[in-house]
Enquirer: 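Once you've had a glance at the structure underneath, I'll fire off some questions.
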Number of protein chains: 2
Amino acid sequence: MNSKHVAFDDLDRKIVAALIANARTSFAEIGAAIGLSATAVKRRADRLRENDVITGYTATVRPAALGWSTEAFVEVYCDGAAPPRRLAEVVRNHPEITSAMTVTGGADALLHVRATDVGHFEEVLERIRAEPFIRKTISYMVLSHLLPDSAEAGAREAAPDDAANLH
Amino acid sequence: MNSKHVAFDDLDRKIVAALIANARTSFAEIGAAIGLSATAVKRRADRLRENDVITGYTATVRPAALGWSTEAFVEVYCDGAAPPRRLAEVVRNHPEITSAMTVTGGADALLHVRATDVGHFEEVLERIRAEPFIRKTISYMVLSHLLPDSAEAGAREAAPDDAANLH
DNA sequence: AATGAAAGGCGGTAGGC
DNA sequence: GCCTACCGCCTTTCATT
C-alpha cells in the first residue's frame, strides 16, 4: 500500500464527488444536499485535503484554447536497466511532458506529451532522444478524443462501490 | 480549427495559471498578484469560463485513496474500418474508461482505464472485448508514476509562450 | 469525537462610474 | 477597469450529544 489509510464514510464520498463535479461549490450547498451543516462539510473537506485524499483544486482547461493543439504518447526505450529514479529526473527536464509512468510491456516508460504544434513536438522529441541513456522512442499522435475528457483526474464516479473504507 | 477563438491577453493567461494552481484562490488574491481589482478578475474568469477556455473547476484526488488502485492503457483493434462515432458509443458504456482517443499507429483507439484491482480490470477487459466489432486488445498496466501527476488537465504552464493570442 | 448554532470578517456579485 | 455596497459564504468559537 502506498499511503495513509483513513476512515472514510459515505458522507465523505459524497463530498468528494461534489467537489470533483465543481470545486467551487459552497460548503453550504454541499451540506444542504447531503444533510449536513456547512461547518461539518468544511471540517470533512479539510480533513480529506489533509489526508491527501483530495490532492488539490484545479481549473480544467481546453488545451487547444491555450495553443496546445498537439498531443502524443511516447514509448521510451532505455539502454540497459533503466532506473526509475534517473528516468524521473529526465522527465522533469521537459515541461511538455504532462504525465509519465513505467508500464508493463517492452517499453521502459510511457510519456504523455503536449506541444503547440507538430514542429514543437518534433523539437521536444529530439530533446528527449538526446538524453543520455534513451535508446529509442515510439510516438503515437492523438488524433481525436472519444470522451468529453471531463475529469481525467479522478475516476468518473468518486468511489468504486465501497472498496475505499475497508481499512 | 476546433472551437471559437477569442482575444486573449497576458492577464488572462495569468488568471488561468492561478486557477489551475488552485481553483479556490480568491479573485481578490489573484488581482493583487497581477495588479487588477477583484471585480476585473471575476469578469475575466467568467468570460474565460463562458468561452470554454476554462471548462470547469474540479478537485483532484488520489485515486488509490478512493480504492482505484489499478490503472492501464489499452490498445483497441477493430474489425474493418472503425468509425469513431461507433467507438465513442462503446467507450461510454464502460465507466472505468476515463479517457479514450484515436491515435496514429496500428491501433484504432487507445483507452485509459481505472479499476479497483487486477480482478476488476480483467472483468472490464472482458466486457470491452465482448463488444461487437472489437477484434483484440493489448494492455499496458501502469506500474508507477514518474511525475507528481499534478494537473494532468492542462499543460504544466498555462500558455506556450504566446502562441495562444495570435488570432 | 463529531455536530450544530452563532458571530465576525472576507469574498462574490451587481450596478454605477 | 475601478469603486461601492450588499448579500452570502467562509471560518472560528462555543455549547451540545
Side-chain angles (χ1 to χ4, degrees), chain A residues 3-61 65-66 151 158-159 162 164-167, chain B residues 4-62 65-67 151 153-154 158-159 162 164-165 167:
Chain A
S3 219
K4 31 192 166 190
H5 287 276
V6 190
F8 199 90
D9 67 13
D10 197 55
L11 290 170
D12 289 315
R13 231 164 293 144
K14 286 176 180 167
I15 291 170
V16 171
L19 289 172
I20 287 177
N22 180 5
R24 292 179 80 92
T25 312
S26 77
F27 295 146
E29 185 176 337
I30 296 174
I34 68 177
L36 235 54
S37 72
T39 311
V41 174
K42 173 193 163 37
R43 271 197 294 255
R44 283 171 175 263
D46 286 348
R47 187 170 52 79
L48 291 164
R49 181 66 187 83
E50 198 85 18
N51 296 336
D52 270 346
V53 173
I54 293 172
T55 56
Y57 302 97
T58 185
T60 56
V61 300
L66 295 167
D162 40 11
N165 59 346
L166 307 176
H167 298 281
Chain B
K4 32 192 167 191
H5 287 277
V6 190
F8 199 88
D9 67 14
D10 197 56
L11 289 170
D12 288 316
R13 230 165 293 145
K14 285 176 179 167
I15 291 169
V16 170
L19 289 172
I20 288 176
N22 180 3
R24 290 178 81 93
T25 311
S26 75
F27 296 147
E29 187 176 335
I30 297 174
I34 67 178
L36 235 55
S37 74
T39 311
V41 173
K42 173 191 161 39
R43 275 205 278 259
R44 281 169 176 264
D46 285 349
R47 186 170 54 77
L48 290 164
R49 180 67 186 83
E50 198 85 20
N51 296 336
D52 270 347
V53 173
I54 294 172
T55 56
Y57 302 96
T58 185
T60 56
V61 300
R62 194 162 43 85
L66 294 167
D162 41 10
N165 59 348
H167 296 282

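Quick note: numbers below take in every heavy atom, side chains included, and nothing from hydrogens, waters or symmetry partners. Proteins get letters first, then strands, A, B, ... in listed order; numbering begins at 1 in each.
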Enquirer: Could you pull out the protein-nucleic contacts involving nucleotides 5-7 of chain D (nitrogen or oxygen on both sides, under 3.5 Å)?
Expert:
none

Enquirer: Looking only at heavy atoms, what is the nearest atom pair of B:A59 and A:A23, with distance?
Expert: N-CB, 3.7 Å
Enquirer: Set out, line by line, the N/O atom pairs under 3.5 Å between protein and nucleotides 15-17 of chain C.
Expert:
none

Enquirer: Say you draw a straight line from CZ of A:R47 to CZ of A:F8; how long is it, rounded to the nearest 0.5 Å?
Expert: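 That separation rounds to 8.5 Å.
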Enquirer: Check the distance between C:dA2's C1' and A:R47's CZ and give it to me in whole angstrom.
Expert: 10 Å
Enquirer: Sequence neighbours excluded, which residues qualify as side chain to side chain donor-acceptor pair (under 3.5 Å) partners of A:T55?
Expert: B:T60
Enquirer: Just jot down the side chain to side chain donor-acceptor pair (under 3.5 Å) partners of B:R24, sequence neighbours excluded, or say none.
Expert: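 Applying side chain to side chain donor-acceptor pair (under 3.5 Å) to B:R24 gives none.
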Enquirer: For the helix from C:dA1-D:dT17 to C:dC17-D:dG1, what angle lies between the axis at the first five pairs and the axis at the last five pairs, to 10 degrees?
Expert: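 For the helix from C:dA1-D:dT17 to C:dC17-D:dG1, the axes at either end differ by 30°.
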Enquirer: Below 3.5 Å is the cut-off: list the nitrogen or oxygen pairs between protein and nucleotides 10-12 of chain C, distance only.
Expert:
unit_1: C:dG12; atom_1: OP1; unit_2: B:F27; atom_2: N; d: 3.1

Enquirer: Got a sec, which residues hit side-chain contact (heavy atoms from CB on, under 4.5 Å) with A:A40, two or more places apart in sequence or on another chain?
Expert: A:L36, A:S37
Enquirer: Which atom names give the shortest non-hydrogen contact between A:A45 and A:F27, and what distance separates them?
Expert: CB-CE2, 4.0 Å
Enquirer: Using side chain to side chain donor-acceptor pair (under 3.5 Å) as the criterion, list what pairs up with A:T25, not counting sequence neighbours.
Expert: none
Enquirer: Could you pull out all residues at least two apart from B:D46 that satisfy side chain to side chain donor-acceptor pair (under 3.5 Å)?
Expert: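 Listed in chain order: B:K42.
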Enquirer: Going by the rule side-chain contact (heavy atoms from CB on, under 4.5 Å), which residues pair with A:A18 if we only count those two or more places apart in sequence or in a different chain?
Expert: A:I30
Enquirer: Please report the C-alpha distance between B:D9 and B:R44 in whole Å, then the side-chain angles of each, then the deciding distance to 0.1 Å, and finally whether the salt bridge (Lys or Arg N to Asp or Glu O under 4.0 Å) criterion is met.
Expert: CA-CA 10 Å; B:D9 67 14; B:R44 281 169 176 264; 3.0 Å; yes
